Amino acid sequence: MATTTAPAKETAHDTFPINGTDYIEFWVGNAKQSALFYRAAFGFQLTGYRGPETGVRDRASYLLEQGKIRLVLTTPMGPEGEMAAHIAKHGDGVRDMAFWVDDARDAYAKAIERGAVSVQEPTVMKDDQGEVIIAGIRTYGDTIHSIVERKNYRGPFMPGFRKTESPFMPAPVGLKYVDHCVGNVELGKMNHWVDFYSKVLGFYNLLSFDDKTISTEYSALMSKVMTNGNGRIKFPINEPAAGKKKSQIEEYLDFYRGPGVQHIAVATDDIITTVRQLKSRGVEFLTIPKVYYDTVLDRVGKIDEDIAPLAELGILVDRDDEGYLLQIFTKPVFDRPTLFFEIIQRKGAKSFGAGNFKALFESIEREQALRGNL
Ligand code: FE2
């Protein structure tokens with residue numbers, strides 16, 4: 001498959017070690033209702049709450065968990081402040097992709113020394129379960145990376161949150177961990193943010209896709225995937241490229257009013273069961289023409305799964321040198337056409353489905369056309 005341009009072999013020189021994604025926080029207009037959506041539709045469990053009842057006056061946060069994935073949905077209690085402004089400008093969206101580290105003070109100091117912009121100096125939060133140290137740095141747009149140290153905390157999440165048990169526990173759908181989080185940035189800014197992840201955080205460029213790889217009749221984009229040393233953090237960065245019509249990245253930038261997180265890919269060990277569950281609970285996915293399945297096995301070779309359920313559900317397949325992967329994309333989960341989710345099952349493959357880009361982008365463009373944005 002000649003669709004990826006592998007850069008010269010690079011290695012990461014992590015500025016500080018990252019154990020993995022700690023949580024992803026969304027700033028939303030109505031966290032109570034959003035929480036119910038992710039519980040009922042995506043099978044997350046409500047495990048924690050922070051708000052006026054726990055002594056936090058200005059916001060309410062719901063902690064949702066499934067597998068190793070933690071989502072925090074936070075809403076402001078009034079129109080004042082940064083969070084309300086963020087929601088007015090961007091709509092609901094991802095504010096924070098938090099890193100789990102062993103030494104937040106050291107990580108923050110090293111990031112700042114290398115040029116990171118501070119959002120929050122290391123702050124100690126304590127309760128009778130111990131302490132969490134949290135710091136924060138900026139990334140693209142109004143998005144941040146919190147840096148979270150929890151090695152001296154025995155509680156379920158962090159001080160301020162109380163443990164929540166609800167009688168409403170929709171069955172999980174098999175989501176295991178965050179595989180990658182993709183950012184959309186402005187035209188000409190991809191390399192700026194690639195440099196940020198490389199110079200400030202010590203990540204390396206795992207894969208690059210140019211506009212010849214990722215183009216359809218109408219639109220194009222460029223993408224570089226940045227990853228840390230242990231590979232647990234993978235951040236593809238997209239920028240629009242010139243096409244005949246408005247690209248999906250431009251549509252995102254228009255509606256999000258700037259750069260931000262485009263999609264979160266979550267991994268499952270059984271994509272057919274996971275997607276069947278999600279569909280039965282109302283999650284909407286992009287549809288792929290049936291002709292895709294006429295030739296997919298010629299392209300990817302033998303796979304363990306039957307093709308019939310993949311075709312029925314619209315699951316895509318791609319292969320690289322190390323194996324194959326199965327993937328599917330939801331429609332945007334907000335009214336603004338901004339963030340969507342990817343469900344991915346890796347069977348050896350370490351890539352991102354470049355062989356599917358054309359079919360996928362044509363599907364996205366059909367949706368864009370329906371919105372009057374193509
Ligand atoms: Fe993806």
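In this text, all values refer to a predicted model and were calculated from it rather than measured experimentally. Ligands are counted one by one from 1 in listed order, and the atoms in each one are counted from 1 as well.
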inquiry  = A quick test of your reading: do over 12 heavy atoms of other residues, nucleotides or ligands sit less than 6.0 Å from CZ of R162?
reply    =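 Above 12, so yes.
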message: If you count heavy atoms of other groups shown closer than 6.0 angstrom to NZ of K347, is the number above 12?
response: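 Enclosed: over 12 neighbouring heavy atoms sit under 6.0 Å from NZ of K347.
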Distance-only donor-acceptor pairs under 3.5 Å for side chains of residues 113-122, two or more places apart:
{"unit_1": "R114", "atom_1": "NH1", "unit_2": "T15", "atom_2": "OG1", "d": "3.3"}
{"unit_1": "R114", "atom_1": "NH1", "unit_2": "K199", "atom_2": "O", "d": "3.2"}
{"unit_1": "S118", "atom_1": "OG", "unit_2": "Y108", "atom_2": "OH", "d": "2.6"}
{"unit_1": "S118", "atom_1": "OG", "unit_2": "Q120", "atom_2": "N", "d": "3.4"}
{"unit_1": "Q120", "atom_1": "NE2", "unit_2": "T123", "atom_2": "OG1", "d": "3.0"}

Protein-derived N, O or S atoms lying under 2.8 Å from the Fe ion (ligand 1), waters excluded: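 Count of protein N, O, S atoms less than 2.8 Å from the Fe ion (ligand 1): 3.
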Only one of L46, I69, T47, V72 clears side chain to side chain contact (heavy atoms under 4.5 Å, CB included) with L64; which?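 Option passing the side chain to side chain contact (heavy atoms under 4.5 Å, CB included) with L64: L46.
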#### Entry: Partner of I133 under side chain to side chain contact (heavy atoms under 4.5 Å, CB included), chosen from E149, R150, K151, K126
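Of E149, R150, K151, K126, side chain to side chain contact (heavy atoms under 4.5 Å, CB included) with I133 is met by E149 alone.
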inquiry  = Name the residue from Y252, F341, F329 that meets the ring pair (Phe, Tyr, Trp, His ring centres under 6.0 Å) definition with H263.
reply    =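 Answer to the ring pair (Phe, Tyr, Trp, His ring centres under 6.0 Å) test with H263 among Y252, F341, F329: F329.
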